[in-house]
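Take a look at the structure set out below.
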There are 2 protein chains.
Amino acid sequence: MQVIIQTDAIDAKILTALGEDGRRSYAEVGAEVGLSTAAVHERVKKMLERGVIRRFSISVDPLTVGLNFTAFVAIRNDGGAHCRDISARLREVSAVQELHSVAGEYDLLAKVRTAHARDLEAVLLQIKAIPGITRTTSTVVLNTEFEDQPLRLGEG
Amino acid sequence: MQVIIQTDAIDAKILTALGEDGRRSYAEVGAEVGLSTAAVHERVKKMLERGVIRRFSISVDPLTVGLNFTAFVAIRNDGGAHCRDISARLREVSAVQELHSVAGEYDLLAKVRTAHARDLEAVLLQIKAIPGITRTTSTVVLNTEFEDQPLRLGEG
DNA sequence: TGTGAAAATGTATCGTT
DNA sequence: AACGATACATTTTCACA
């Protein structure tokens, strides 16, 4: 599959600037990338339309809002259920913040976040209740060294 | 360790609203949570000061900017090096977007993103060059079902 | 696609409760 | 902590290049 990059070097700079601070004014960003306010606005609008920018957002520190526990849960689907169905079901489990289908011994890898370690048990029961899922293995996060780093485009 | 939640129910609603759309106006958010524009502004300012909101940002679809490959790399530190030193070194590897210290067979779990699968080799060489790191195991992501979901506070 | 300028909207500040 | 009012800044639109 050929990589389809939907952005040029100026878009990359705009994305990097807004990734660091989503509220930098278009005038300020424009000054950095050598474009007018209106041109930056137009590019941002188009990147939103094309899905390059999914949305404007905020980065929240999970610990400050009571989400103190993280685990990665590897999931096995031996039941022959469609990955799509399982994915849809897992999307409904609010503790599952991220889901990837993976190669290897397991089929899916979920990033789970809860208030407390003891809540993992309930989440695993919810996951195992989904038809097709036969087994899970959890890797408990002791400490998150870093995450949610601002996107840096145009580097190594 | 006791959970220290730095936010009340109104803050949670503000965080949820801004997580969905970081550019919703404070007036609009205020109407939803039953507060004036100025009060929402004040609360957001305080949450930024306390580090609840790390920053305003954008969510970018990695595929549209040429980051087509994701892997989770489990890392073993048998060399007795301090986790802190290794973490600092891994922070310099730009492909490493996320790093957690974990319980189990491995000591660290990194989320790695590159343009192409073949780039993983170079990243692994960079990682293995760090003193203390003796072994890695990579889990290749075939497809990201979902990630970067807007934070939903005050649910199950 | 980009520009500058005007109109529309939103943010930040302040005196007050 | 919150409010309304106001001053200030930014976004958005538009005619034109």
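Here is how names work: the chains are called A, B, and so on, in the same order as the sequence lines, proteins then strands, and each is numbered from 1. Note that the structure is a prediction, hence the values are computed from the model and not measured.
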Measure from the side chain of [X], starting at C-beta and using heavy atoms only, and say which of [options] lies closest.
| X | options | answer |
| --- | --- | --- |
| B:S36 | C:dT1, D:dT12, D:dC3 | D:dC3 |
| A:L35 | D:dC3, C:dG2, D:dT12 | C:dG2 |
| B:Y26 | C:dA12, C:dT13, D:dC14 | C:dA12 |
| B:A39 | D:dA2, C:dT3, C:dC14 | D:dA2 |
| A:R23 | D:dT12, D:dA1, C:dT11 | C:dT11 |

Can you measure [X] atom [atom1] to [N] atom [atom2] for me and round it to whole angstrom units?
| X | N | atom1 | atom2 | value |
| --- | --- | --- | --- | --- |
| B:E49 | C:dA12 | CD | P | 12 Å |
| A:K46 | D:dT12 | NZ | P | 15 Å |
| A:F56 | D:dT11 | CZ | C1' | 11 Å |

Would you say [N] has OP1 or OP2 under 4.0 Å from some side-chain N or O of [X]?
| X | N | value |
| --- | --- | --- |
| B:K45 | C:dT11 | no |
| A:R43 | C:dG2 | yes |
| B:H41 | C:dT11 | no |

> Which atom pair, heavy atoms only, marks the closest approach of B:A95 to B:V123?
Replying inline: CB-CG2, 3.7 Å
> Do A:E98 and A:R113 meet the salt-bridge criterion of a basic N to acidic O distance under 4.0 Å?
Replying inline: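 A:E98 and A:R113: not salt-bridged.
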> Is A:R55 salt-bridged to B:D21, cutoff N-O under 4.0 Å?
Replying inline: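 Salt bridge: no.
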>> Both B:I10 and A:R24 contact DNA chain D. Taking the nearest nucleotide for each, which residue is further toward the 5' end?
In response: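 With B:I10 and A:R24 compared, the 5'-side residue is B:I10.
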> Can we call the ring centroids of A:H100 and B:F146 under 6.0 Å apart?
Replying inline: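 No, ring centres 6.0 Å or more apart.
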